[in-house]
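This report concerns only the one structure given below.
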Amino acid sequence: MKKLTAILLIFAVSISVFTSCGDTGAFSDVTTNVAEYTYSSDDEEDSSEPTEEVEDDGIYDNTAVVEAYKSGDTSALSEDDLLIYQAARDAIAQFYSAGMSDYEIVLAAHDYIATHVTYDMDEFNLIGSAKEESSTPYGALIYGEAICMGYTTTFQLMMDMIGVESIIVNGSSDGEEHAWNMVFVDDKWYHVDCTWDDYVPDYEGRMAFHTYFMVTDSSMAIEHIWDMDSTPTADSEDYVYYFNNGLYAETNNELKAILQESATAGELRAEVAIPLDNEISIPITTGMSIYAYWRIDLDTYSVVIYYFE
């Protein structure tokens with residue numbers, strides 16, 4: 001399940017709608033940096049389905065791929081798992097290097113998935129449903145399309161391949177099934193929702209959002225429901241993205257400085273966190289024009305996204 005936000009070109013106006021674990025967006029930007037594994041028109045004529053390993057609970061079983069990555073021996077992989085292995089290996093090579101901290105790895109994988117995978121729009125068909133492989137890394141890495149379980153299992157696969165402890169959380173939002181991950185970094189657990197940080201519309205050069213990156217149970221529980229007794233406790237804000245990247249503003253001057261820096265760097269939008277009860281304002285700055293913004297209230301802070309023109 002995925003929250004979609006439409007930005008109106010009017011100050012301080014935003015609309016949030018909910019759909020079944022997905023978003024909308026143009027598929028002209030479905031790229032993966034592993035184009036050699038993307039299906040061809042010949043594949044479309046083949047009625048056979050991918051044969052990835054699936055656990056009893058319907059979640060993709062990445063055991064064989066992870067073992068192949070660690071050992072270098074791919075002889076035991078099925079044809080489809082071999083493609084997943086090759087695509088995941090090449091994707092990891094794009095963002096991972098030895099010496100990265102676990103936090104840096106989690107951030108890089110999150111951003112890679114959010115900017116290289118788009119939502120499978122077939123999920124919204126009145127008749128039919130999303131493609132079966134869209135709930136696995138095959139859909140995300142080979143087709144460049146996924147639903148929430150595809151985003152989640154792809155992130156889990158990358159964490160398992162690199163060696164960062166992570167789990168999959170099955171839950172819901174707004175009455176619809178949803179899935180995301182939790183990661184264990186520096187002896188503390190955090191929630192990571194790649195699907196909800198891949199907002200619409202998808203476009204060339206789009207950037208990942210970080211509203212649901214490394215957040216607490218209390219932040220996640222505002223719009224997510226899950227069995228908290230079955231998951232570790234996540235109560236630390238140590239690695240909240242905005243706190244760690246100088247993007248937390250308690251005054252208008254601090255907010256102005258953050259926005260000015262983003263605009264000067266040529267960015268099209270800026271993410272900022274502010275104290276929960278603060279009034280939103282649009283500071284007057286030189287050489288910067290803000291045409292829209294929207295806000296998400298979490299437990300102790302609000303995330304505000306500003307768009308520049």
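Start at 1 with the first residue, then count along the sequence. Below, each value reflects all heavy atoms present in this structure, side chains not excepted, and no hydrogens, waters or symmetry copies.
In terms of heavy atoms, I84 sits closest to L141 at O-CD1, 4.2 Å. Between F308 and S262, the shortest heavy-atom distance links the atoms CE1-CB, 3.8 Å. Residues I168 and M149 approach most closely at CG2-SD, 4.5 Å, considering heavy atoms. Closest approach of G246 and I258 over heavy atoms only: O-CD1, 3.6 Å. For the pair D198 and V117, the tightest heavy-atom approach, listed with the atom from each and the gap, is OD2-O, 2.8 Å. T154 approaches P137 most closely through the heavy-atom pair OG1-CA, 3.3 Å.
Remark: Y239 pairs with D186 by the side chain to side chain donor-acceptor pair (under 3.5 Å) rule, at least two apart or across chains.
Atom-to-atom distance recorded for M220:CE and Y212:OH is 7.5 Å, nearest 0.5 angstrom. In this structure, the separation between CD on E67 and CE on M161 is 12.0 Å, given to the nearest 0.5 Å. Atom-to-atom distance recorded for T153:OG1 and N181:CG is 8.5 Å, nearest 0.5 angstrom. Between the CG atom of L298 and the CD atom of E223 there is a distance of 8.0 Å, given to the nearest 0.5 Å. Residue M207 holds its CE atom at 9.5 Å from OG1 of T115, rounded to the nearest 0.5 Å. Rounding to the nearest 0.5 Å places CD1 of I92 at 9.5 Å from OH of Y112.
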Output a table of donor-acceptor pairs, distance under 3.5 Å, between side-chain atoms of residues 102-109 and any protein atom two or more places apart or on a different chain; print 'none' if there are none.
unit_1 : atom_1 : unit_2 : atom_2 : d
E104   : OE1    : S101   : N      : 2.8
E104   : OE1    : S101   : OG     : 3.4

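At least one side-chain heavy atom of V65 sits under 4.5 Å from a side-chain heavy atom of Y60. Annotation: side chain of Y301 is in contact with side chain of S219 (closest heavy-atom distance under 4.5 Å). Counting only heavy atoms from C-beta outward, the side chains of Y96 and M158 never approach each other to under 4.5 Å. Side chains of E237 and D299 form a contact here, defined as non-hydrogen atoms less than 4.5 Å apart. Inter-residue side-chain proximity for I59 and N170 is flagged as met; some heavy-atom pair is nearer than 4.5 Å. Two residues are said to be in side-chain contact when any heavy atoms from C-beta on lie closer than 4.5 Å; M214 and V192 meet this criterion. When side chains are defined from C-beta on, I274 counts as touching R295, because their heavy atoms get closer than 4.5 Å.
Looking at Q156 and S166, their side chains do bring a donor and an acceptor atom within 3.5 Å of each other. In this structure, a donor-acceptor pair under 3.5 Å is absent between the side chains of D80 and S78. A donor-acceptor pair shorter than 3.5 Å can be found between the side chains of E309 and S289. Counted by atom type alone, T251 and N253 present zero donor-acceptor pairs between their side chains at under 3.5 Å. In this model, a donor atom of one side chain and an acceptor atom of the other lie less than 3.5 Å apart for S302 and D297. S236 and Y190 are linked by a side-chain donor-acceptor pair at a separation below 3.5 angstrom, with hydrogens and angles left out of the test.
Among the candidates T195, T152, D193, the single residue satisfying the side-chain hydrogen bond (donor to acceptor under 3.5 Å, both in side chains) test with H178 is D193. Here the options are Y151, F209, F213, F95, the test is side-chain contact (heavy atoms from CB on, under 4.5 Å), and the partner is H110; only F213 passes.
No more than 12 heavy atoms of other residues, nucleotides or ligands shown are found within 6.0 angstrom of CG on D277.
One hydrophobic cluster holds both V304 and F243 under the rule that ILVMFWY side chains link at heavy-atom gaps under 4.5 Å. A continuous path of hydrophobic side-chain contacts links L157 to I167 [ILVMFWY only; heavy atoms under 4.5 Å]. In this structure, Y306 is not a member of the same hydrophobic cluster as L268, with clusters built from ILVMFWY side-chain heavy atoms closer than 4.5 Å. The hydrophobic cluster containing I305 does not contain L276, counting ILVMFWY residues as joined when their side-chain heavy atoms lie under 4.5 angstrom apart, directly or transitively. The same ILVMFWY cluster, assembled from side-chain heavy atoms under 4.5 Å apart, contains both F184 and M228.
Distance alone, capped at 3.5 Å, places no donor-acceptor pair between the Q260 side chain and the K256 backbone. No donor-acceptor pair under 3.5 Å is formed between the side chain of D235 and the backbone N or O of T216. Although no hydrogens or angles enter the test, the distance criterion places a donor-acceptor pair under 3.5 Å between the side chain of D73 and the main chain of S75.
Between H224 and W180, the angle of the ring planes goes over 60°, which puts this pair in the perpendicular group of the 30/60° scheme.
For Y242 and Y248, the ring centers sit 6.0 Å or farther from each other. A distance below 6.0 Å separates the ring centres of H191 and W226.
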* List the steps and the verdict of side-chain contact (heavy atoms from CB on, under 4.5 Å) for V303 and Y241. => CA-CA 11 Å; V303 175; Y241 178 80; over 6 Å; no
